[in-house]
Amino acid sequence: MKTTLMRWVVFALALLSPVVWAQVPGAEAPSPAAPAPHVRAFVGELELGHIIEVQVEHLAEWNLALGGPPAAKAGPSSVHPAWQLVPYLDGRALTGVTPLAVDLGQGRLQFHLAIHPQNRDTWTHLLSPLVFERAVQFSVGLEQVDPFPTDFTLASRRAMLTVINRSWLLTAVLIVTALSVAFCGLAMHTTVLMERYKTENGALSHRFSLAKVQLALWFFVIFSAFLLIWLVTGNIDSLNSSILSTLSISAGTALGDTFVKASGASTATSSANPRGGSTEIFLAPSWTARRFMRELLSDDEGCSIARFQMLAWTVALVIVFLADVFDDLQMPVFGPELLYLLGLSTGTYVAHRVPEMQRDRQRASAPVPTSNPATTQTV
């Protein structure tokens with residue numbers, strides 16, 4: 001009986017509540033929930049550095065429900081929640097990318113897709129691994145809140161994020177290719193990657209220098225990675241202390257190799273034979289891949305473990321470097337232990353060059369055998 005009576009009382013209060021609210025001075029009846037905003041369209045290209053305009057349905061109602069001024073009263077000095085919206089790509093908020101312009105009456109928002117320190121990790125995730133373009137889910141919303149419902153889902157594939165601009169990539173490829181082809185031409189027809197040495201018969205010749213090849217390899221790898229990161233992210237500060245240390249080790253190896261050879265300058269002072277002609281020859285026209293690898297790995301006594309170790313670690317670090325750039329769109333950071341290992345291998349190579357130069361000086365100081373006219377017999 002009491003339960004039935006309580007139910008009737010609750011039902012009567014529910015019926016009388018609008019009348020009671022209407023009789024209370026200054027009180028308003030609760031308004032129904034505002035319709036949920038919905039992202040319907042956007043104008044522009046989803047590409048880093050571009051400006052897009054987003055069409056959001058029921059944006060004014062949502063803004064008013066959260067305490068913002070209505071569209072008719074929203075002026076330049078008005079502060080309302082719509083100015084705090086950010087784009088969402090694949091469910092990740094682009095922190096710091098707030099609207100450039102808000103039109104509540106038309107339900108339009110403008111965003112400049114840019115990288116900021118607080119959203120750099122998000123952009124790195126969105127842009128890697130490298131492809132020309134990728135389908136993404138696009139929406140807008142407040143930070144740390146679920147984004148608005150959207151028509152641009154992964155299933156619809158209506159929103160395509162441009163990762164690499166084809167025109168700029170073609171320009172960069174042409175620049176790197178032109179420099180590489182020109183350098184390879186110089187390497188095949190000049191001594192840009194070679195060093196002078198004394199042959200067993202006392203003549204001066206040229207062979208490929210492992211130190212110069214390593215320096216050239218790291219230059220082109222770092223140069224190409226810098227251009228790629230700049231094209232995709234617009235970041236011109238991608239170099240770090242680890243990469244500079246790696247390049248410094250390569251440059252120091254080439255410099256140390258040159259210093260060791262300079263200490264045996266006598267190998268280059270006697271370039272003429274007893275007859276007065278130059279004994280220096282240049283073997284670049286016979287360039288082959290077999291000769292290239294043999295001269296990189298061998299000294300005057302045959303294959304060298306120091307040269308093989310230096311070449312192996314260089315190739316391994318170049319592969320790791322390129323893989324990290326492709327996956328993370330940033331220069332990798334080599335730890336101090338890895339840099340110490342690279343310096344140890346190059347230092348071992350330079351140390352092995354000292355006895356090699358000593359043997360060259362010994363060959364240079366050895367007398368050139370000549371025929372004795374007194375022992376010549378005539379018939």
Side-chain angles (χ1 to χ4, degrees), residues 172-197 205-231 238-262 268 282-299 303-304 306-326 331-332 334 338-339 341-353 356-357:
V173 169
L174 290 177
I175 293 175
V176 175
T177 302
L179 290 176
S180 301
V181 170
F183 188 81
C184 290
L186 289 174
M188 294 176 64
H189 299 93
T190 67
T191 59
V192 65
L193 290 180
M194 291 185 171
E195 62 182 4
R196 301 174 70 179
Y197 77 104
S205 183
H206 292 86
R207 63 186 175 191
F208 286 101
S209 170
L210 179 57
K212 292 183 178 180
V213 170
Q214 183 197 48
L215 181 59
L217 178 61
W218 275 117
F219 166 74
F220 277 100
V221 168
I222 296 176
F223 178 74
S224 302
F226 174 82
L227 281 182
L228 180 62
I229 294 174
W230 172 70
L231 285 176
S238 57
L239 296 177
N240 53 55
S241 58
S242 174
I243 300 304
L244 294 179
S245 299
T246 303
L247 194 58
S248 299
I249 291 174
S250 300
T253 304
L255 183 61
D257 192 20
T258 303
F259 178 77
V260 170
K261 289 186 295 184
F282 180 50
L283 302 179
S286 61
W287 185 94
T288 60
R290 183 177 180 181
R291 174 196 170 189
F292 178 74
M293 293 303 301
R294 183 180 69 250
E295 293 183 354
L296 288 186
L297 297 176
S298 304
D299 53 19
C303 291
S304 171
R307 288 173 173 264
F308 179 82
Q309 177 183 248
M310 177 178 168
L311 183 61
W313 276 114
T314 300
V315 173
L317 290 180
V318 166
I319 294 175
V320 172
F321 180 92
L322 294 177
D324 282 357
V325 170
F326 184 83
M331 301 281 186
F334 296 143
L338 195 57
L339 291 176
L341 182 61
L342 181 61
L344 183 63
S345 63
T346 57
T348 305
Y349 162 78
V350 174
H352 276 74
R353 294 283 286 164
E356 184 179 347
M357 292 298 102

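Just so you know, these numbers come straight off a predicted model, no measurement behind them. Start at 1 with the first residue, then count along the sequence.
- Of all heavy-atom pairs between P332 and N240, the closest is O-ND2, 3.4 Å.
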Show your reasoning for whether side-chain contact (heavy atoms from CB on, under 4.5 Å) applies to T191 and K212. CA-CA 10 Å; T191 59; K212 292 183 178 180; over 6 Å; no
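- Considering OG of S242 and CG of L338, their distance stands at 7.5 Å, rounded to 0.5 Å.
- Note: S298 OG to R291 CZ = 12.5 Å, rounded to the nearest 0.5 Å.
- A306 and T348 make their closest contact through CB-CG2, 3.9 Å (heavy atoms, listed as atom of the first residue, atom of the second, distance).
- Here the CE atom belonging to M331 is positioned 5.0 Å from the CG atom belonging to L239, to the nearest 0.5 angstrom.
- Smallest separation of non-hydrogen atoms from V320 and F334: CG1-CE2, 4.4 Å.
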I'd like to know whether C303 forms a side-chain contact (heavy atoms from CB on, under 4.5 Å) with F308, so could you lay out the CA-CA distance, the side-chain angles of the two residues, the decisive distance to 0.1 Å, and finally the verdict. CA-CA 8 Å; C303 291; F308 179 82; over 6 Å; no
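- Within the 4.5 Å cutoff, the side chain of T253 has no heavy atoms near those of the L210 side chain.
- The environment of CZ in F183 is crowded: more than 12 heavy-atom neighbours from other residues, nucleotides or ligands sit within 6.0 Å.
- Separating the CD1 atom in I243 from the OG atom in S248 is a distance of 11.0 Å, to the nearest 0.5 Å.
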Go through the steps to decide whether S238 and W230 satisfy the test side-chain contact (heavy atoms from CB on, under 4.5 Å), and finish with yes or no. CA-CA 8 Å; S238 57; W230 172 70; over 6 Å; no
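- Here CZ of F292 is found 9.5 Å from CG of L297. Values are rounded to the nearest 0.5 Å.
- With contacts defined as side-chain heavy-atom distances shorter than 4.5 Å, the pair I319/V315 qualifies.
- Side-chain atoms of L317 and L342, non-hydrogen and from C-beta on, do get closer than 4.5 Å to each other.
- Using cut-offs of 30° and 60° on the angle between ring planes, the pair W218 and F321 is perpendicular.
- Put simply, CG on L344 and CG on L339 are 12.5 Å apart, with the number rounded to the nearest 0.5 Å.
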